[in-house]
Amino acid sequence: MLKKLSLQCLLASAAALFFFAFYPCAAMGFPALEELEGRAGDGPEVLAAISAMRRDSLAEELERQREGARYFFNASYGYNDEPQFVGSTSNISYEKITVGAGVSFPLFGTWDKLRINRLNAELAAIDSRYRPQMLALHNLAALRKAYAVLWTESQKIRLASLFLSSRCDVTRRLEERRDAALLLKADKLEFDSAYEMARRDIAVANLRKVQALQVIRLSTGVMWPMPEDGELAFPTLPVFDGAAADIEANPAFLARREALERYAKLVDVTKRIDLESSLVVGVTGSKEEPGDYGSGVYLGFNISEPLKAAASAEDKANLAARADYERAEREELFTRMTLDGEAEEAVSYAAYASANIEAQLSRLRAISENVREKLLRHAAIAGDTLEQLQASRYQYYRVAMDVLDSYQLFMESGADILSYAYPRGRNTEPAARTDTASLRALERMLSPLWFSERSAAAVAVEGKRGVAVEAPPAGSVYIWEASPFLNPTTRGGALKRLSGRGIARMLLSFTAKELNGFRSEEGRRNLKALLSEASSAGISTELLLGEPTWLFPENRKSLTAIIGSMSDFRFAGIHLDIEPDSLPGAEGMRHELLGLLIDTIKESRSASGRPLSLSVHPRYLEGELGALVAKRLSPDDVSYIAPMIYSTNRERVVSRMSEILASFPRFDFVLAQSVERVLPRSESYAAAGMAAFGASMREIDERLSRYRNYKGIVVQDWKDYEVMR
């Protein structure tokens with residue numbers, strides 16, 4: 001059995017990875033891994049095996065046809081000149097034509113030999129019948145591994161090139177320090193060797209890319225060109241969380257098991273096969289000239305056997321067949337043990353790679369902070385700070401390369417796990433595939449600005465001014481006061497402040513008065529202008545609606561009427577923040593309120609025609625309430641759910657959110673966190689400040705990115721978030 005392997009392994013690794021790209025043809029671009037997987041059975045080796053399978057299948061059918069009775073036909077012509085009778089001195093001459101036909105039935109050893117020939121043909125057909133499946137399964141795993149190699153080596157080249165981009169500036173400054181007797185020649189050579197190692201890394205990566213591309217070509221039967229930089233899509237695999245090895249369905253094991261059955265039959269059949277015999281039944285007809293027609297029938301029985309074989313007390317042929325059976329029996333056991341062992345080894349490798357990624361990511365974060373410190377020291381203090389900075393840069397570079405190696409090992413192990421868990425092919429694998437962290441998170445980890453001297457200087461200046469080097473990973477925010485965004489004179493500044501905090505999605509609420517204002521032509525133009533300007537700024541807008549009484553059927557029409565009235569505006573979606581617990585007496589009727597909430601969601605989804613999302617207290621996703629949600633709600637009803645886990649205890653937030661993510665793997669989730677000043681310190685980061693909030697959000701984001709259905713953080717709310725210091 002494959003031990004349960006959490007998806008945190010893959011998504012934690014994704015948080016350490018960077019950039020994207022891939023290609024099939026110059027005009028189309030190199031295909032993504034998922035598309036290539038569909039071609040894994042088109043390789044020339046697989047197609048050749050399919051042809052061999054047809055040949056051996058026909059040979060097997062031919063041996064079946066050879067079994068049983070055989071017909072025969074013969075004809076002869078003779079001329080005779082012989083005495084008329086014994087002692088006669090005169091001869092008689094005549095011609096004779098004879099024909100015969102009949103059926104011959106094989107008996108004893110002859111019959112067994114025919115059955116043995118058929119069983120041997122079946123053995124050959126078994127091997128060739130399963131060989132295309134084995135090759136296709138092998139090609140699929142090899143293709144996935146090769147794609148992972150191609151992608152990771154491309155990223156290594158990108159990272160090495162980024163590291164090398166500072167070579168001219170750093171070398172010049174190190175030479176100046178050496179000439180001023182501030183740097184030993186040996187130390188200068190050491191720094192030079194770091195750049196040479198990076199150049200070597202690029203050369204090795206290019207070699208491995210060529211090797212990986214060749215595997216992809218042979219697996220798919222297409223001469224793909226080498227993808228250019230930026231063309232490879234991030235490699236994803238079907239989810240293999242908790243997969244179990246299905247040895248019984250593995251074609252290699254099935255071939256051994258079927259072969260063992262045939263060898264068992266051979267033992268039964270192979271008995272005194274040198275005792276050849278047949279029963280012949282026939283008819284004859286003749287015509288003599290001169291003379292008349294004649295006819296006859298006959299029955300014949302033939303038997304023969306080598307004298308030594310007949311005299312032997314042992315049936316050597318049967319003993320040999322038994323030895324063959326014993327060999328096949330041990331080969332079947334060997335195959336089972338091998339497949340079981342390889343499957344367990346793949347899981348162990350994946351677990352090792354996952355743990356290694358976690359450790360390296362932790363080390364990478366520590367080194368990153370070390371580099372930042374060295375960068376700021378170098379900008380403010382003279383001396384050997386440049387050497388210290390460069391040493392820490394190289395250390396970061398080497399650990400980042402190790403992260404990529406570990407990710408590649410994880411992907412390769414995942415490909416093996418899938419081949420053992422789903423040996424019947426791609427159609428039996430899960431439809432869901434592993435996800436990636438956001439591009440922003442990837443660039444943050446493995447595309448550091450400070451590899452470049454010019455960018456490093458800019459970062460140093462920002463650090464000296466007190467400007468935040470890295471914004472918290474909160475890409476969404478609740479906005480309950482829309483007036484700054486509706487007012488054309490303040491809209492630009494409000495959107496700019498959103499972008500400055502890294503906000504890419506705003507959940508925007510309107511008052512009843514503002515909603516009525518959108519019925520006028522001027523109001524409609526103003527809202528359309530807001531949505532257009534927000535989109536141009538890279539911010540998507542969802543309509544935020546929140547009123548708990550909408551849960552009740554008699555009030556629900558008010559909600560659907562608002563949704564209908566806003567249908568002409570290009571909102572990215574509808575977000576419901578209907579909190580049942582805000583209703584009087586909610587604690588004693590949560591099951592009923594949850595049922596009403598689900599009904600409200602379904603009606604709103606039908607009325608909107610747009611993606612609909614939901615904010616909810618986490619208790620409604622846990623225990624019996626969570627079971628009701630899982631039973632009545634589907635991913636078609638909500639595009640994502642935002643559990644409002646308001647707590648400044650990071651461990652508690654991660655633990656509770658992780659349980660929700662694991663319990664609802666089919667739903668996407670966004671974690672809601674609060675910076676509201678009206679909440680206590682235990683629930684809101686308002687008093688903690690932006691630095692503490694950012695550090696907490698980054699840690700939470702990285703830890704939850706292990707789950708493919710985790711989609712980020714949303715902040716409650718913008719009014720307080722905007723003024724956080």
Side-chain angles (χ1 to χ4, degrees), residues 476 478-482 507-519 541-569 571-646 660 663-664 667-670 672 674 676 678-679 683 714 716-717:
S476 307
Y478 296 89
I479 301 176
W480 295 99
E481 294 186 11
L507 312 181
L508 189 59
S509 178
F510 302 102
T511 65
K513 182 178 179 181
E514 289 167 343
L515 289 171
N516 287 329
F518 299 144
R519 296 178 180 178
T541 306
E542 294 184 13
L543 176 60
L544 175 59
L545 299 171
E547 168 54 52
T549 59
W550 284 335
L551 287 176
F552 302 110
E554 60 270 21
N555 298 331
R556 208 172 289 155
K557 290 183 180 179
S558 299
L559 171 61
T560 56
I562 293 173
I563 292 174
S565 68
M566 303 295 279
S567 60
D568 291 339
F569 301 104
F571 287 99
I574 308 293
H575 190 92
L576 300 182
D577 188 9
I578 303 174
E579 301 182 31
D581 281 11
S582 62
L583 292 169
E587 186 176 354
M589 51 184 297
R590 286 193 174 120
H591 277 84
E592 293 81 2
L593 291 176
L594 179 56
L596 293 173
L597 177 60
I598 293 173
D599 291 339
T600 304
I601 291 169
K602 291 181 177 293
E603 286 192 31
S604 300
R605 179 70 179 89
S606 299
S608 69
R610 288 189 175 92
L612 186 140
S613 52
L614 172 72
S615 290
V616 67
H617 193 286
R619 68 167 58 94
Y620 286 94
L621 301 169
E622 298 166 335
E624 294 181 0
L625 297 176
L628 180 59
V629 170
K631 181 179 180 180
R632 291 200 53 202
L633 208 60
S634 77
D636 293 333
D637 296 321
V638 288
S639 58
Y640 68 87
I641 301 173
M644 298 179 290
I645 308 178
Y646 293 166
I660 291 172
S663 299
F664 295 87
F667 291 84
D668 288 338
F669 289 90
V670 173
S674 177
E676 297 167 280
V678 297
L679 294 181
E683 298 179 12
V714 57
Q716 177 79 276
D717 77 314

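For this chain, numbers begin at 1 and follow the sequence in order. Since we're looking at a predicted model, the values are computed, not measured.
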Hey, what do you get for CD1 (Ile645) to NE2 (His617), rounding to the nearest 0.5 Å? 9.0 Å

Scanning both residues in full, the closest heavy-atom pair of Pro643 with Ile660 reads CB-CD1, 4.3 Å

So which atom in Leu508 and which in Ala482 form the shortest heavy-atom distance, rounded to 0.1 Å? CD1-CB, 3.7 Å

Rounded distance [0.5 Å steps], CZ in Arg610 versus CZ in Phe569: 9.5 Å

For residues 627-635, which side-chain N or O atoms pair as donor and acceptor with protein atoms under 3.5 Å away, sequence neighbours left out?
from, atom 1, to, atom 2, distance (Å)
Arg632, NH2, Asp599, OD1, 2.6
Ser634, OG, Asp636, N, 3.3
Ser634, OG, Asp637, OD2, 3.4

Ring centers of His575, Tyr640 separated by less than 6.0 Å: yes

Looking only at heavy atoms, which two atoms of Pro548 and Ile578 are closest? And how far apart? CA-CG2, 3.6 Å

Arg519 vs Ser565 side-chain heavy atoms within contact, under 4.5 Å: no

On a heavy-atom basis, which atom in Leu551 and which in Leu596 lie closest, and how many Å separate them? O-CB, 3.7 Å

Just checking Glu554: does its CD atom have more than 12 heavy atoms from other residues, nucleotides or ligands closer to it than 6.0 angstrom? yes

With side chain to side chain donor-acceptor pair (under 3.5 Å) as the test, would you mind laying out the steps for Trp550 and Glu603 before giving the verdict? CA-CA 11 Å; Trp550 284 335; Glu603 286 192 31; over 6 Å; no

Check step by step if side-chain contact (heavy atoms from CB on, under 4.5 Å) holds for Leu515 and Ile562. CA-CA 8 Å; Leu515 289 171; Ile562 293 173; 4.1 Å; yes

Check against side-chain contact (heavy atoms from CB on, under 4.5 Å), Ile641 and Val616: CA-CA 7 Å; Ile641 301 173; Val616 67; 3.7 Å; yes

What is the distance from atom CD of Gln716 to atom OG of Ser476, rounded to the nearest 0.5 Å? 12.0 Å

Measure the OH-CD distance between Tyr646 and Glu676 for me, rounded to the nearest 0.5 Å. 5.5 Å

Go through the steps to decide whether Phe510 and Leu543 satisfy the test side-chain contact (heavy atoms from CB on, under 4.5 Å), and finish with yes or no. CA-CA 8 Å; Phe510 302 102; Leu543 176 60; 3.6 Å; yes

Between the CD atom in Glu481 and the CD atom in Glu514, the distance rounded to the nearest 0.5 Å is 9.5 Å

Just by modelled atom types, is the Asp581 backbone N or O under 3.5 Å from a matching donor or acceptor in the Arg590 side chain? no

Does any part of the side chain of Met644, heavy atoms only, come nearer than 4.5 Å to the side chain of Glu579, both counted from C-beta? yes

Would you check, one step at a time, whether the test side-chain contact (heavy atoms from CB on, under 4.5 Å) holds for Ser604 with Ile563? CA-CA 8 Å; Ser604 300; Ile563 292 174; 3.8 Å; yes

When you compare the side chains of Tyr478 and Ser615, does any donor N or O come within less than 3.5 Å of an acceptor on the partner? yes

Rounded to the nearest 0.5 angstrom, the CD1-OG distance for Ile574 and Ser639 is 10.0 Å

Does any non-hydrogen side-chain atom of Val638 lie less than 4.5 Å from one of Ser613? no

Given side chains that start at C-beta, do those of Leu576 and Leu559 come closer than 4.5 Å, heavy atoms only? yes

Aromatic plane relationship, Phe664 with Phe667 - under 30° parallel, 30 to 60° tilted, over 60° perpendicular: perpendicular

Do you know the tightest heavy-atom contact between Leu507 and Leu544? O-CD2, 3.4 Å

